[in-house]
Amino acid sequence: MTPLIGMIVPPAAGEVPPEAAALHPDGRFIAEGLGLTRLTPEGYDSVIGEVEAAARRLAARGAEAVALMGTSLSFYRGAAFNRDLIARMEAASGVPCTTMSVSVASALRALGARRVAVGAAYGERVNAPLRAFLEEEGFAVVRLEAMGIEDVEAIFRVTEAELLALGRRAAEGGGADALFLSCGGLRTLSVTRPLEAETGLPVISSAVAGVWGAMRLAGAGQAVPGAGRLLALA
């Protein structure tokens with residue numbers, strides 16, 4: 001049977017991200033929400049202490065692997081904090097755990113990327129730790145363009161046209177070997193292939209990399225044709 005994957009998501013509603021079912025219609029996913037309302041360090045501080053309990057609840061519901069599906073929640077205090085957070089999630093749940101930030105870094109490495117152009121949803125107080133996290137993980141950030149969003153609900157109103165424009169701005173000037181769109185709430189599936197065709201770069205986004213990493217963690221990784229270069233990898 002396909003493993004049951006638990007996802008810890010920032011919004012209080014606790015809904016499984018749509019990318020999971022879109023990419024893996026036969027997959028099995030459940031979610032727990034944290035109630036994050038602001039994409040700021042203070043917002044993350046207000047919910048980060050709930051992650052271990054959410055991982056424990058997902059395991060109690062039968063999850064065989066758990067992923068924290070919020071990029072900034074796991075990178076905002078740095079790479080060492082991210083590693084410690086995973087260890088605490090695993091201790092609380094008793095199952096393998098990962099974070100969206102780990103999945104992004106793993107996706108970049110899987111595609112051989114070292115120099116990254118970044119398009120982010122956040123304001124500068126979150127962009128700075130994003131840049132620092134990527135550098136700690138061994139990547140050079142050649143350009144970072146951002147939307148300045150702090151309200152979580154505003155993320156879900158970002159349009160396809162705005163995402164395409166963000167990706168184009170980030171890729172301007174060249175020098176990168178991958179384009180990364182950061183924020184798990186950005187609905188990036190529809191722009192991945194157009195941006196890859198236009199920029200010539202592999203496109204990694206938080207939402208897609210998060211699902212990719214969760215599936216691999218659960219031993220259920222598989223190629224998804226037509227969804228971009230990352231999803232061509234099992």
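None of the values given here were measured: they were computed from a predicted structure. The basis for the numbers below is simple: all heavy atoms, side chains too, and nothing from hydrogens, waters or symmetry mates.
Among Val118, Asn127, Leu130, the single residue meeting the side chain to side chain contact (heavy atoms under 4.5 Å, CB included) criterion with Val141 is Val118. Checked against Glu32 for a side chain to side chain contact (heavy atoms under 4.5 Å, CB included), the options Glu50, Arg61, Met7 give a single hit: Arg61.
Looking at Pro10 and Leu34, their side chains never come closer than 4.5 Å, going by heavy atoms from C-beta outward. Residues Met215 and Phe29 are in side-chain contact: their nearest non-hydrogen atoms beyond the backbone lie under 4.5 Å apart. By the 4.5 Å heavy-atom criterion applied to side chains, Val191 and Leu181 are counted as neighbours. Side-chain contact between Arg115 and Val142 is present, with heavy atoms from C-beta onward closer than 4.5 Å. Between Ile149 and Val158, some side-chain heavy-atom pair lies under the 4.5 Å cut-off. Using a 4.5 Å cut-off on side-chain heavy atoms (C-beta onward), Pro41 and Val126 make contact.
Under the 4.5 Å side-chain heavy-atom criterion for Ile, Leu, Val, Met, Phe, Trp and Tyr, Ile204 and Leu217 are members of distinct hydrophobic clusters. Both Leu189 and Leu164 belong to a single network of hydrophobic side chains, linked directly or stepwise wherever heavy atoms of I, L, V, M, F, W or Y lie under 4.5 Å apart. In the hydrophobic clustering of ILVMFWY residues, with side-chain heavy atoms under 4.5 Å counting as a link, Ile155 and Leu36 come out together.
Ring pair Phe81/Phe133: centre-to-centre distance not below 6.0 Å.
In this structure, Arg131 does not pair ionically with Glu136, as no charged nitrogen and carboxylate oxygen lie closer than 4.0 Å. Between Arg57 and Glu52 there is no salt bridge, since no side-chain nitrogen of the basic residue lies less than 4.0 Å from a carboxylate oxygen of the acidic one. We find that Asp45 and Arg38 are not joined by a salt bridge, their nearest charged nitrogen and carboxylate oxygen being 4.0 Å or further apart. Salt bridge annotation for Glu145-Arg143: present, with a cationic side-chain nitrogen under 4.0 angstrom from a carboxylate oxygen.
Side chains of Ser101 and Asn82: no donor on one and acceptor on the other come within 3.5 Å. Side chain to side chain, Thr40 and Glu150 fail the donor-acceptor criterion of an N or O pair below 3.5 Å.
Distance check: Met100 CE to Thr98 OG1 gives 10.0 Å after rounding to the nearest 0.5 Å. Note that the CG atom of Asp26 and the CG atom of Leu23 stand 12.5 Å from one another [nearest 0.5 Å]. One finds the OG atom of Ser74 at 10.5 Å from the CE atom of Met69 (value rounded to the nearest 0.5 Å). For the atom pair CE of Met147 and CG of Leu39, the computed distance is 12.0 Å after rounding to the nearest 0.5 Å. If you take CG on Leu163 and CZ on Arg168, they are separated by 10.5 Å, rounding to the nearest 0.5 Å.
Below 30°, between 30° and 60°, or above 60°: for Phe75 and Tyr122 the angle between ring planes is above 60°, a perpendicular geometry.
Within a 6.0 Å sphere centred on CD of Glu15, other residues, nucleotides and ligands contribute 12 heavy atoms or fewer. For Arg187, the CZ atom is densely surrounded, since the number of other residues' heavy atoms within 6.0 Å is greater than 12.
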